[in-house]
Amino acid sequence: MTDRLQEFGHNFQIKSVVCLMTKPNFIEQVIDILDESHYDSDNLKWIVKESKKYFVKYKKPITLDVFKVKVNEIENDVMKTTVVETLKEVYRHLEATDLDFVQDKVLDFFKNQTLKNAIIKSVEILEQKGDYEQIKNLIDDAMKAGTERDLGHEYAEDIDIRYSEMARETVETPWDV
């Protein structure tokens, strides 16, 4: 098991950012356990942090166009330049053929980190107060982390659209409305 994302290499980290930007199901699955501190450079940490903030707010993956605006908000010129260079690398990897593999490895990595942190915290809880229920909940939550969230159709969302004539094929009946 790898303890650091850096051990996978720089290109791997770049491709993980590509996955965050191009795979909505992936970012939705990993958003709660995604920790930018595991990335090796400040510019990658900034990109991952902005990707998370954008997804939490808009429920969609961030785009390069959004990054163009966000980069202009960076005051440190050196940081701005390194972020732009990193985003250029991300752009070059948009068509990489191994993104599914990268996605699986990143997901496994963050799941393992979440479980490891829960175990460490469990030891502290056990030594301090011996609250087994809290430990059980902590481990249960860690085991659920990173699981797929597509639980089916959200019936209450977009109900107006579903009832519009354009969203469905209606059949006329002889009864009054």
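As the structure is a computational prediction, the values presented were derived from the model and not from experiment.
- Taking the side chain as every heavy atom from C-beta outward, Phe67 and Ser51 approach each other to under 4.5 Å.
- Under the side chain to side chain donor-acceptor pair (under 3.5 Å) criterion, Asn11 pairs with no residue, sequence neighbours left out.
- When hydrophobic clusters are built by joining Ile, Leu, Val, Met, Phe, Trp and Tyr residues whose side-chain heavy atoms come closer than 4.5 Å, directly or via intermediates, Leu115 is not grouped with Phe109.
- Considering only residues two or more places apart in sequence or on other chains, Glu85 meets the side chain to side chain contact (heavy atoms under 4.5 Å, CB included) condition with Lys88.
- Rounding to the nearest 0.5 angstrom, the gap separating the OG atom in Ser122 from the CD1 atom in Ile135 is 5.0 Å.
- Side-chain contact between Val102 and Val18 is absent, with no heavy atoms from C-beta onward closer than 4.5 Å.
- The nearest pair of heavy atoms linking Leu5 to Phe12 is CD1-CE2, 4.3 Å.
- Considering only heavy atoms from C-beta on, Gln103 stays 4.5 Å or farther from Leu107 through its side chain.
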Discussion item. Side chain to side chain contact (heavy atoms under 4.5 Å, CB included), that's the test. Do Tyr132 and Leu126 meet it? Break it down for me.
Written reply: CA-CA 7 Å; Tyr132 292 102; Leu126 188 61; 3.6 Å; yes

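- Asn76 contributes a side-chain N or O that, together with a main-chain N or O of Met79, makes up a donor-acceptor pair within less than 3.5 Å.
- Environment of NZ in Lys49: sparse, with no more than 12 heavy atoms of neighbouring residues, nucleotides or ligands closer than 6.0 Å.
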Worksheet entry | Audit row: Asp108, Lys105, salt bridge (charged side-chain N to carboxylate O under 4.0 Å, His left out) steps and yes/no | CA-CA 5 Å; Asp108 287 344; Lys105 286 296 179 188; 5.1 Å; no

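- Scanning both residues, Tyr91 and Leu64, for their nearest heavy atoms gives CD1-CD1, 3.5 Å.
- The shortest distance between side-chain heavy atoms of Thr82 and Ser41 does not fall below 4.5 Å.
- Heavy-atom minimum distance, Tyr54 versus Lys60: CD2-O, 3.3 Å.
- Considering all non-hydrogen atoms of both residues, Gln6 and His38 come closest at OE1-O, 3.0 Å.
- Considering only heavy atoms from C-beta on, His93 stays 4.5 Å or farther from Val17 through its side chain.
- Other members of a hydrophobic cluster containing Trp175 are absent, since no ILVMFWY side chain comes under 4.5 Å of it, directly or through relayed contacts.
- The closest donor-acceptor contact from the side chain of Lys59 to the backbone of Val56 lies under 3.5 Å.
- A donor-acceptor pair under 3.5 Å is formed between the side chain of Lys52 and the backbone N or O of Leu34.
- Separating the CD1 atom in Ile47 from the CD1 atom in Ile14 is a distance of 6.5 Å, to the nearest 0.5 Å.
- Considering only heavy atoms from C-beta on, Lys70 comes within 4.5 Å of Trp46 through its side chain.
- Contact between Tyr39 and Lys45 at its shortest, heavy atoms only, is O-CE, 2.9 Å.
- How far OG1 of Thr22 is from NZ of Lys15: 12.0 Å, rounded to the nearest 0.5 Å.
- Between Leu138 and Lys121 there is a side-chain heavy-atom pair separated by less than 4.5 Å.
- The hydrophobic clustering, which links ILVMFWY residues whose side-chain heavy atoms are closer than 4.5 Å, places Met21 and Phe8 together.
- Inter-residue side-chain proximity for Asp100 and Phe26 is flagged as unmet; no heavy-atom pair is nearer than 4.5 Å.
- Both Leu44 and Val84 are assigned to one and the same hydrophobic cluster, defined by single-linkage of ILVMFWY side chains at heavy-atom distances under 4.5 Å.
- Of all heavy-atom pairs spanning Pro61 and Leu20, the tightest one is CB-O, 3.4 Å.
- Glu50 and Lys53 are joined by a salt bridge, as a carboxylate oxygen and a charged side-chain nitrogen come within less than 4.0 angstrom of each other.
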